[in-house]
Amino acid sequence: MYYSSWRGVVGVIKATGRPGSLEEFIRLLPEGIGVIPSFLGIKAGTENEFIDVLEVMKEKIAELAKMKVDLIHPEAAPVFMLRGYKGEEEIVRGYEGKYGIPIFTSGMSQVEALRALGVKRIVGVTYFKGEINQKYAHYFSEAGFEVLGMEGISSFSEIKKVSYQEVYALTKKQYLQHKDAQGIYMHGSAWPGLEFIQILEQDLNIPVVHPIPARVWATQKRLYVRQPVKGYG
């Protein structure tokens, strides 16, 4: 353990090398938590690519385990979500049993966050198009939520060209089509900035669960750190 990481070290496995989400995650973490990043090198963000990259994910987890990190967080939510909630759980338990290190995925952290908030009915927004969104919806249905809608509002390759004001507007539009929702699920870490989250929560009066704040919360919980960060959902 390095002196600068006196509260623990988390190894994260990013889908891509795109800047933004890693920096935001580190910025929101309390002082004393170290981060070791690794990258899968996902390019197109297709369903087949997410399925096939699981073998690379296994290698990255093994590398981080050899470094003796305190916690491993494989991101790239579709890699696990496309296998279903129960399928993901089985895979993660296998990793934990093999390496003896706590592991959580993006899907797991957001499921836990929604449950902690008492949310049962959700509407989701993603930056994917087509049938893959129904598979994300199935993941949350399998986890016990009522999914009122799961819509793509951009694309994997184009999301960084969308402003946070546009994300706010499109997410609000989705919610207004499903006003019975008790919470908003945001899929993916590449959304532009975090500024719109608190504004959405204030305007719509329901919680918004974005993967980066959920990641920070889940990391603190597993490292037995309690230093809440306000203003990001």
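Throughout, residue positions are numbered sequentially from 1 according to the sequence presented.
We find the CD-NZ distance between Glu142 and Lys86 to be 5.5 Å, quoted to the nearest 0.5 Å. Remark: Ser157 OG to Lys43 NZ distance equals 13.5 Å, nearest 0.5 Å. Interatomic distance, Lys230 NZ to Gln198 CD, rounded to the nearest 0.5 Å: 10.5 Å. Atom NE2 of His210 is separated from atom CD of Glu201 by 11.5 Å, given to the nearest 0.5 angstrom. Rounded to the nearest 0.5 Å, atoms CG (Leu28) and CD (Gln227) are 11.5 Å apart. Note that CD of Gln220 is 5.5 Å distant from CD1 of Ile33, once rounded to the nearest 0.5 Å.
Remark: Glu31 CD is loosely packed, at most 12 non-hydrogen atoms of other residues, nucleotides or ligands lying under 6.0 Å away. For Glu195, the CD atom sits in a packed shell: over 12 heavy atoms of surrounding residues, nucleotides or ligands are nearer than 6.0 Å. Taking a 6.0 Å sphere around CD of Glu23, one finds it holds more than 12 heavy atoms contributed by other residues, nucleotides or ligands. Atom CZ of Arg93 has 12 or fewer heavy atoms from other residues, nucleotides or ligands within 6.0 Å.
Between Val147 and Tyr136 the shortest side-chain heavy-atom distance does not fall below 4.5 Å. Counting heavy atoms from C-beta on, the side chains of Lys135 and Glu47 come closer than 4.5 Å. When side chains are defined from C-beta on, Ser189 does not count as touching Arg18, because their heavy atoms never get closer than 4.5 Å. Between Pro192 and Lys161, every side-chain heavy-atom pair lies at or beyond the 4.5 Å cut-off. At a threshold of 4.5 Å between non-hydrogen side-chain atoms, the residues Pro74 and Ile103 count as touching. Put simply, the side chain of Leu200 does not reach to within 4.5 Å of the side chain of Tyr175, judged on heavy atoms. With a 4.5 Å cut-off on side-chain heavy atoms, Ile72 and Tyr95 do not count as touching. Considering only heavy atoms from C-beta on, Glu146 comes within 4.5 Å of Leu148 through its side chain.
Residues Asp180 and Arg121 come closest through the heavy atom pair O-NE, 2.8 Å. Residue Ala77 comes nearest to Ser106 through the heavy atom pair CB-CB, 3.9 Å, listed as atom of the first residue, atom of the second, then distance. When every heavy atom of Ile101 is checked against every heavy atom of Glu96, the shortest pair comes out as O-CG, 3.4 Å. Closest approach of Pro78 to Phe128, counting heavy atoms only: CG-CZ, 4.2 Å. The nearest pair of heavy atoms linking Phe156 to Ala44 is CD2-O, 3.5 Å. The two residues Glu158 and Ser154 have their closest heavy-atom pair at C-OG, 3.9 Å.
By the 4.0 Å N-to-carboxylate-O rule, Glu151 lies too far from Lys173 to be salt-bridged with it.
A continuous path of hydrophobic side-chain contacts links Ile199 to Ile197 [ILVMFWY only; heavy atoms under 4.5 Å]. Put simply, Trp217 and Ile26 are part of two different groups of oily side chains (I, L, V, M, F, W, Y) that touch within less than 4.5 Å, one to the next. In terms of hydrophobic clustering, with Ile, Leu, Val, Met, Phe, Trp and Tyr side chains grouped at heavy-atom distances under 4.5 Å, Leu114 and Phe104 are assigned to a common cluster. A continuous path of hydrophobic side-chain contacts links Phe145 to Leu117 [ILVMFWY only; heavy atoms under 4.5 Å].
Distance alone, capped at 3.5 Å, places no donor-acceptor pair between the Arg222 side chain and the Pro102 backbone. Judged purely by atom type and a 3.5 angstrom limit, Gln134 has no side-chain atom pairing as donor or acceptor with the backbone of Glu131. The main-chain N or O of Val209 is found under 3.5 Å from a side-chain atom of Gln110 such that the two form a donor-acceptor pair.
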(request) Give the intermediate values and the outcome of side chain to side chain contact (heavy atoms under 4.5 Å, CB included) for residues Tyr127 and Val162. (result) CA-CA 10 Å; Tyr127 41 81; Val162 179; over 6 Å; no
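The cationic atom of Arg215 (NZ for Lys, CZ for Arg) does not lie both less than 6.0 Å from the six-membered ring centre of Tyr232 and within 45° of the ring axis.
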Can you give the donor-acceptor pairs under 3.5 Å from side chains of residues 50-64 to other protein atoms, not counting sequence neighbours?
| residue | atom | partner | partner atom | Å |
| --- | --- | --- | --- | --- |
| Glu55 | OE2 | Lys58 | NZ | 3.2 |

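The side-chain contact (heavy atoms from CB on, under 4.5 Å) search around Glu24 returns Arg27, Leu194, Ile212, not counting sequence neighbours. Considering only residues two or more places apart in sequence or on other chains, Tyr99 meets the ring-ring contact (aromatic ring centres under 6.0 Å, His included) condition with none of them.
Ring orientation note: the planes of Tyr164 and Phe196 are close to parallel, at an angle under 30° on the 30°/60° scale.
Here the options are Asn133, Leu170, Val208, Thr171, the test is side chain to side chain contact (heavy atoms under 4.5 Å, CB included), and the partner is Val125; only Thr171 passes.
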